[in-house]
Amino acid sequence: MLCNSKEKRGSVIVLVAVTMAAVLGVLAIAMDGGLLLEKKRTVQAVADAAALAAATDLWEHYATNNGLDPARTAYASAMSTAAANGFIDDVNSVVTVNIGPASGNFANRAGYAEVIIRFNQARGFSSIFGSGSLPVTARAVAGGNPGNIAILMLNPHETVAAQIGDNVNIANNGQIFINSDGTVYGEFGSNHGHNAIYVESTGHLTSGGINSVGTLGIEAGGTITYTGGGGLTTGMSPVADPLASIPEPDPTGQPNYGSPKYTVASTMQPGIYDNITIAKNVHVTMAPGIYYIHNGGMQLSTGSSLTGDGVMFYDMPNDYFGGSGIPVGASINLSPPTSGFYRGISVFEPRDMNKEVHIKSNGDITMSGALYSLTGEFDLRPLLATTVFNFGAYIADLAEWSPNGVGTINLNPTTSAPTKRRLLVE
């Protein structure tokens, strides 16, 4: 029996039509799919950059804005970064900036910025199957919180890395981090077990949390109050020194002022000093810069005061404010540098110096930057119940805040050197 050639031709035409539709579909997927993947990478990169731009703004203004954006400068930074890369609010793209994020693990958290970009990609070959654009969406979240490290004890093994006998208040839910595993009995012997912190009966500690490499954590003869839902966490991984990359200050070539005695209102200049004396009721201003104190210390008299902005001390001697401390009625109010390597640092001890530096006073002291001593420690002693110390973060090998300090020590990590950098988190 002979086959009908017309039927054969008809079947081939149908088969070719079906095959061509499949081929065109594959071509549409290959061509437009590749275009969409490429555009997705671009949109994601821009979302990342815009989120980091907003986080940088939050990071730089955290001391005054607390991670919020009242002047919308972080919002503007994100939008301008997106626009510079071709994405603006128009028919082709929509840019949304949320501070803090509207969703995700960091929803509504201060110090974090969320950027969502939707780009309407015009169809290419797939336009034979439909009309309208193809949406490409990317999301990024970046953190601009300078960090919540209020106290960081770097010693890896010694028990009782921090002894607290004062009233210690940590602002903004700042936390304590203890790198010690508590395997070596140190200055306080075995009386306090293998604990990281000993709060004496005279002490009261308020903190956003205590985090310890060791497994026992705390001996509390006094009281501990946690803020922001914090608590005790043990068995954590050690925290790296956040200031490790900052170069050591170099006094070479700096002017040496010897041991000046100020009897009238004066302005000090950065440089090298041996001993500094300020007479009764005299006010001295410190010009911005680094002050290298190598031998003596600083003695204030009743009614005298010391103020200055952009000031950092390097190489403080042991009894920096004199053997008996600052008298009643004298005061110190100094802020750290706001830019450069030493941004947010009030005291920088040489990294190879393992001595204990006493900062003790009957009068009030404010040095709102970090106290930093890689291998040493600061012994903070507000001597009267009315004495108040205000510092930023405390980053040192150990801490001994006793036995005769009975005043108040306030720590505020947001006025201190950043302990975190801007980074993408989602």
Run the side-chain contact (heavy atoms from CB on, under 4.5 Å) test against T223 and tell me which residues pass, sequence neighbours left out.
H204

Y226 vs L232 side-chain heavy atoms within contact, under 4.5 Å
yes

Enumerate the side-chain hydrogen bond (donor to acceptor under 3.5 Å, both in side chains) contacts for residues 382-396, please, sequence neighbours excluded, ordered by first and then second residue.
T366-N390, N390-N410

Do T206 side-chain atoms and N169 backbone N/O form a donor-acceptor pair below 3.5 Å?
no

Do the side chains of F389 and S361 get nearer than 4.5 Å, heavy atoms only?
yes

Give the table of side-chain donor-acceptor pairs shorter than 3.5 Å for residues 247-255, with sequence neighbours excluded, one pair per line with atom names and distance.
{"from": "E248", "atom 1": "OE2", "to": "Y314", "atom 2": "OH", "distance (Å)": "2.8"}
{"from": "E248", "atom 1": "OE2", "to": "R351", "atom 2": "N", "distance (Å)": "3.2"}
{"from": "D250", "atom 1": "OD1", "to": "T252", "atom 2": "N", "distance (Å)": "3.0"}
{"from": "D250", "atom 1": "OD1", "to": "T252", "atom 2": "OG1", "distance (Å)": "2.7"}

Just checking F341: does its CZ atom have more than 12 heavy atoms from other residues, nucleotides or ligands closer to it than 6.0 angstrom?
no

With the side chain counted from C-beta on, respond yes when P242 and I395 share a heavy-atom pair under 4.5 Å apart, and no when they do not.
yes

Can you check whether R118's main-chain N or O pairs, donor with acceptor, with T137's side chain at less than 3.5 Å?
no

Counting C-beta onward and ignoring hydrogens, is there a side-chain heavy-atom pair between E349 and T375 closer than 4.5 Å?
no

Between N172 and N412, a side-chain donor and acceptor under 3.5 Å
yes

Is the closest side-chain heavy-atom distance between P382 and I409 below 4.5 Å?
yes

Check for a donor-acceptor pair, side chain of D48 on one end and backbone N or O of L52 on the other, with a separation under 3.5 Å.
no

Contacts of R72 that satisfy salt bridge (Lys or Arg N to Asp or Glu O under 4.0 Å) - sequence neighbours left out
none

Restricting to side-chain hydrogen bond (donor to acceptor under 3.5 Å, both in side chains), what partner residues turn up for R109, sequence neighbours left out?
none

Are S335 and D309 close enough that a side-chain donor and a side-chain acceptor fall under 3.5 Å?
yes

Under 4.5 Å between any side-chain heavy atoms of N354 and D397, yes or no?
no

E114: what forms a salt bridge (Lys or Arg N to Asp or Glu O under 4.0 Å) with it, not counting sequence neighbours?
R139

Quick one: does N85's side chain have a donor or acceptor within less than 3.5 Å of a partner on V46's backbone?
no

Parallel, tilted or perpendicular: ring planes of F348 versus Y342, cut at 30 and 60 degrees
perpendicular

Backbone N/O of D364 and side chain of S331: donor-acceptor pair under 3.5 Å
no

To check you understand the geometry: which heavy-atom pair defines the closest contact between S373 and F378, and what is its length?
CB-CE1, 3.6 Å

Are there over 12 heavy-atom neighbours, none belonging to K261, within less than 6.0 Å of that residue's NZ?
no

